[in-house]
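All remarks here apply to the structure that follows.
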Amino acid sequence: MKLMAIPKAPKSRLFFLGEDPVRLLKLAADSNNLNVGKQIHAHLVVTNKVSSHNNVAQTTSVINLYGKCGRVSVARHLFDSMPKRNVVSWGALMAGYLREGLALEVLVLFKSMVSVDNMRPNEFVLTTVVSSCSSCGRVEEGKQCHGYVLKSGLEFHQHVKNALVHMYSKCSDVKGAMRVFSTVPGYDVFSYNSVLDGLVEHGHQKEAMEVLSLMVGEGVAWDSVTFVNIFGLSSCLRNLRLGLQVHCRMLKTNIEYDAYVYSTIMDMYGKCGKLAYAVRFFKCLQTHSVVSWTTIMAANFQNGYFEEALNLFVKMRLEDISPNEYTFAVLLNSSASLSVLRHGALIHACAEKLGFKDHVIVGNALINMYAKSGNIEAAYEAFSDMIHRDIVTWNVMISGYSHHGLGKEALNVFQDMLTAGDHPNYITFVAVLSACAHLGLVQQGFYYVNQLMKQYCVEPGVEHFTCIVGLLSRAGLLDEAESYMRSVSIKWDSIAWRTLLNACFLHRNYGLGRRVAEIVMQMDHNDAGTYLLLSNMYAKARRWDGVVKIRKLMRERNIKKEPGVSWVEIKDTAHVFVSEDKSHPESRQIYEKVAELLVKIKLLGYAPDITAVLHDVEDEQKEDYLSYHSEKLAIAYSLMKTPSEAPIRVIKNLRMCDDCHTAVKLISKLTNRVIIVRDANRFHHFKDGYCSCADYW
DNA sequence: CTAGGGTTAG
């Protein structure tokens, strides 16, 4: 091996001769100057001072240096070679591990410190150990540390106290946090920040507001962390007024703000519906990071600008910024909202390649994306692949199955969730109850609302009661559903009444339907869907006068019927079809294909259902109107362009009409294809002449 | 010579 020439030492190397090495090591550590630190270390080694039996302080200083500069394994090596250590040596090493995120190792060290070395922890060590408990979520160990704190009388020490407050609030023991916070006098901005963060994170916004006013009352000066917490509180509450107030205060407070503050303020504006403010803020930033990019993408997503969120990713890549797990979550959720399966799968591949697929938020977003894009099998695959699951994981899987009409599968996952010992929440029960509705499990639905929800301390809300209305309706118990609505004393929203109205339509209960329609239209004047449902109901009953009345109302109230739009992805292109529209370049062939299909399924028993079309059109023309509904065009085109075994996925902006539903069932049988349609409410899986919604949607 | 709080997903 060739030896490298040893460079001549520059004069500056020896600048520290004659200085106190401990002091210099601290300077190097605090300024994160590993190079200078190493030189001092080398000097000590050469002059044989490190590891000599009498110089614990110097070795500890070196340990501190390596710990602070991210070389904890070097620090550990030195620590292990020390014949004698003091409490400061332990403290320095533990701090190094905590800095690296190796909190569990700190706890291990603490155990051997007190039980093997028989050393009493001081306020520094306890602060570090309690912080470690927070960062790895160990409440039990945290409580034991609290015992040590009390035993050593250190509960009045500001750092220790703050670490305890933070530990309890991070481990979702808000009561414990408040106890330490309020029983031990003397707060500084740190304790306020800790307790605020914990309260906000665990959904105790009311208490957070109280603590905030306490803090304001005491005149504690805010620092940038306080701003982060209070902006976070504003976004949680979707309270724009509070957010604006805090922004004003920020402009008037002359302290230094950092990227954390800038990201949360954008997040606040995004969540409070002020996307333009967030964007303006984003554009003013001199430098952009993954976090600021992801925040602005998320703000677009939250405000319905899904495509823009995806486009921003391209711009982010142009700035050469690498995505992280949050970025992928936003991208996947945006793809989900657009139902762009191919694009979503591409992002999936990208996330996998960059090693982000095992993050819970990415896994959750994958399940959501596949479920919303119509590929429920792939959603389940993503679900099965996950190493860590949280409440959202279970919720998206259960509600995914429910939306696809797969009630049995949904309830199985719910059972697995309970077996795994995870606690269902408000959202879980909405999904579970709608699964019960699909399966017609009336008794079970009532059991969940009346018993199981109590057991898990989940307060039933209007959405759960609406599920019960849906459950009764679906079982054909319309009068029971109505009297249930009148007997439960909550404020029903228009969604609940529309559920009942839809049931009246499906069960052709014209009398009740008219009454319910009155209520719905009073609550929501502008929903075209309600008017159409009602007019369809009149048409089914051949009450043409009713149809005319509704059309007139719609004209008077200037309610526009949204045109039916369907789209399919074929290769790299999304093909969009509007009812009756002939602008597609292959329009002629498509219309011919539809006509051919209709002729063939008529032989299987299809009869066009013309009642849904305006009564004043000639019957033959009515059939034409139905024939070229957008989903029929989209399906015909897919049949022309895709291999015979490929499933067809169609997305549609409105609810499917009766006629198309019947036709597509028969087309699936005729062509032996799986056809999946995502309409405005749910998924329909057509196969062998049947649909997963069991003709109730 | 060792110690405390914060950003982006649903």
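In this text the structure is predicted, and so the values were computed from the model without any measurement.
- Note on A:Ser89: nothing from the nucleic acid sits closer than 4.0 angstrom, heavy atoms only.
- With B:dA3, B:dT7, B:dA9 as the candidates, the nucleotide lying closest to the side chain of A:Tyr326 is B:dA9.
- At a cut-off of 3.5 angstrom, the base of B:dG6 holds at least one donor-acceptor pair with the side chain of A:Asp258.
- No donor-acceptor contact under 3.5 Å links the side chain of A:Thr295 to the base of B:dT8.
- One can place CG of A:Asp188 at 14 Å from P of B:dG6, the figure rounded to the nearest angstrom.
- Heavy atoms of A:Ala298 sit under 4.0 angstrom from primed sugar atoms or phosphate atoms, though from no base atom.
- Taking only side-chain nitrogens and oxygens, A:Lys170 comes nearer than 4.0 Å to OP1 or OP2 of B:dG6.
- Checking the phosphate oxygens (OP1, OP2) of B:dT2, a side-chain nitrogen or oxygen of A:Lys68 falls inside 4.0 Å.
- Pairs of residues two or more places apart, or lying in two chains, never qualify as salt bridge (Lys or Arg N to Asp or Glu O under 4.0 Å) while including a residue from residues 423-435 of chain A.
- Nearest nucleotide to the A:Ala92 side chain, out of B:dA9, B:dA3, B:dT2: B:dT2.
- Remark: P of B:dG6 and CD of A:Glu256 are 20 Å apart, rounded to the nearest angstrom.
- At a cut-off of 3.5 Å, with distance as the only test, no side-chain donor of A:Thr295 or A:Asp267 sits close to an acceptor on the other residue.
- A:Leu65 has its CG atom 11 Å from the P atom of B:dT2, to the nearest Å.
- By the 4.0 Å N-to-carboxylate-O rule, A:Asp30 lies close enough to A:Lys68 to be salt-bridged with it.
- Residues from residues 425-432 of chain A with heavy atoms under 4.0 angstrom of DNA chain B: there are none.
- Using a 4.0 Å heavy-atom criterion, one finds that A:Val261 contacts the bases of the nucleic acid, with or without backbone contacts as well.
- In summary, the side chains of A:Ser191 and A:Asp188 do present a donor paired with an acceptor at a separation below 3.5 Å, with no hydrogens or angles considered.
- Atom CE of A:Met113 is separated from atom P of B:dT2 by 15 Å (rounded to the nearest Å).
- Within the structure, every side-chain polar atom (N or O) of A:Arg85 is placed at least 4.0 Å from both OP1 and OP2 of B:dT2.
- Paired with A:Val180 under the rule side chain to side chain contact (heavy atoms under 4.5 Å, CB included), one option of A:Val195, A:Val149, A:Val160, A:Leu164 passes, and it is A:Leu164.
- More than 12 non-hydrogen atoms from other residues, nucleotides or ligands lie less than 6.0 angstrom from CZ of A:Arg249.
- Side chain of A:Lys26, nearest nucleotide from B:dA9, B:dC1, B:dT8: B:dC1.
- Distance A:Phe110 CZ to B:dA3 P: 16 Å, rounded to the nearest Å.
- Checking B:dG6, B:dT7, B:dT2 against the side-chain heavy atoms of A:Val291 singles out B:dT7 as nearest.
- Taking only side-chain nitrogens and oxygens, A:Asn64 comes nearer than 4.0 Å to OP1 or OP2 of B:dT2.
- What separates CG of A:Leu109 from C1' of B:dT2 is a distance of 13 Å, to the nearest Å.
- In this structure, A:Asn395 reaches neither bases nor backbone, as no heavy-atom distance under 4.0 Å exists between it and the strands shown.
- You'll find the ring centres of A:Tyr257 and A:Phe227 inside the 6.0 Å limit.
- Considering only side-chain atoms of A:Asn229, the nucleotide from B:dA9, B:dT2, B:dG6 that sits closest is B:dG6.
- The distance from atom CZ of A:Phe282 to atom C1' of B:dT8 is 12 Å, rounded to the nearest whole Å.
- For A:His166, whose side chain is taken as the heavy atoms from C-beta onward, the closest listed nucleotide among B:dA9, B:dC1, B:dG6 is B:dG6.
- Which of B:dA3, B:dT8, B:dG6 sits closest to the side chain of A:Val228 comes down to B:dG6.
- A:Glu325 comes within 4.0 angstrom of nothing in the nucleic acid, heavy atoms only.
- Note on A:Val22: only backbone sugar-phosphate atoms sit closer than 4.0 angstrom, heavy atoms only; bases stay farther off.
- Atom-to-atom, CD1 of A:Ile321 to P of B:dT7 comes out at 20 Å; the value is rounded to the nearest Å.
- No contact: A:Ala365 has no heavy atom under 4.0 Å from any strand.
- Residues satisfying the ring pair (Phe, Tyr, Trp, His ring centres under 6.0 Å) criterion with A:Trp394, sequence neighbours excluded, are A:Phe383.
- Regarding contacts with the backbone of B:dA9, a side-chain N or O of A:Gln302 is found under 4.0 angstrom from either OP1 or OP2.
- Relative to the side chain of A:Phe124, the nucleotides B:dG6, B:dT2, B:dT8 differ in distance, and B:dT2 lies closest.
- If you check every strand for non-hydrogen atoms under 4.0 Å, A:Asn368 touches nothing.
- A side-chain donor from one of A:Arg76 and A:Tyr97 sits under 3.5 Å from a side-chain acceptor of the other.
- Residue A:His159 has no polar side-chain atom (N or O) positioned under 4.0 Å from OP1 or OP2 of B:dT2.
- When distances are taken from the side chain of A:Asn122 to each of B:dT2, B:dG6, B:dT8, the shortest belongs to B:dT2.
- Note: A:His202 and A:His204 fail the aromatic proximity criterion, with ring centroids not under 6.0 Å apart.
- Looking at the side chain of A:Ala57, the nearest of the listed nucleotides B:dA3, B:dT7, B:dC1 is B:dC1.
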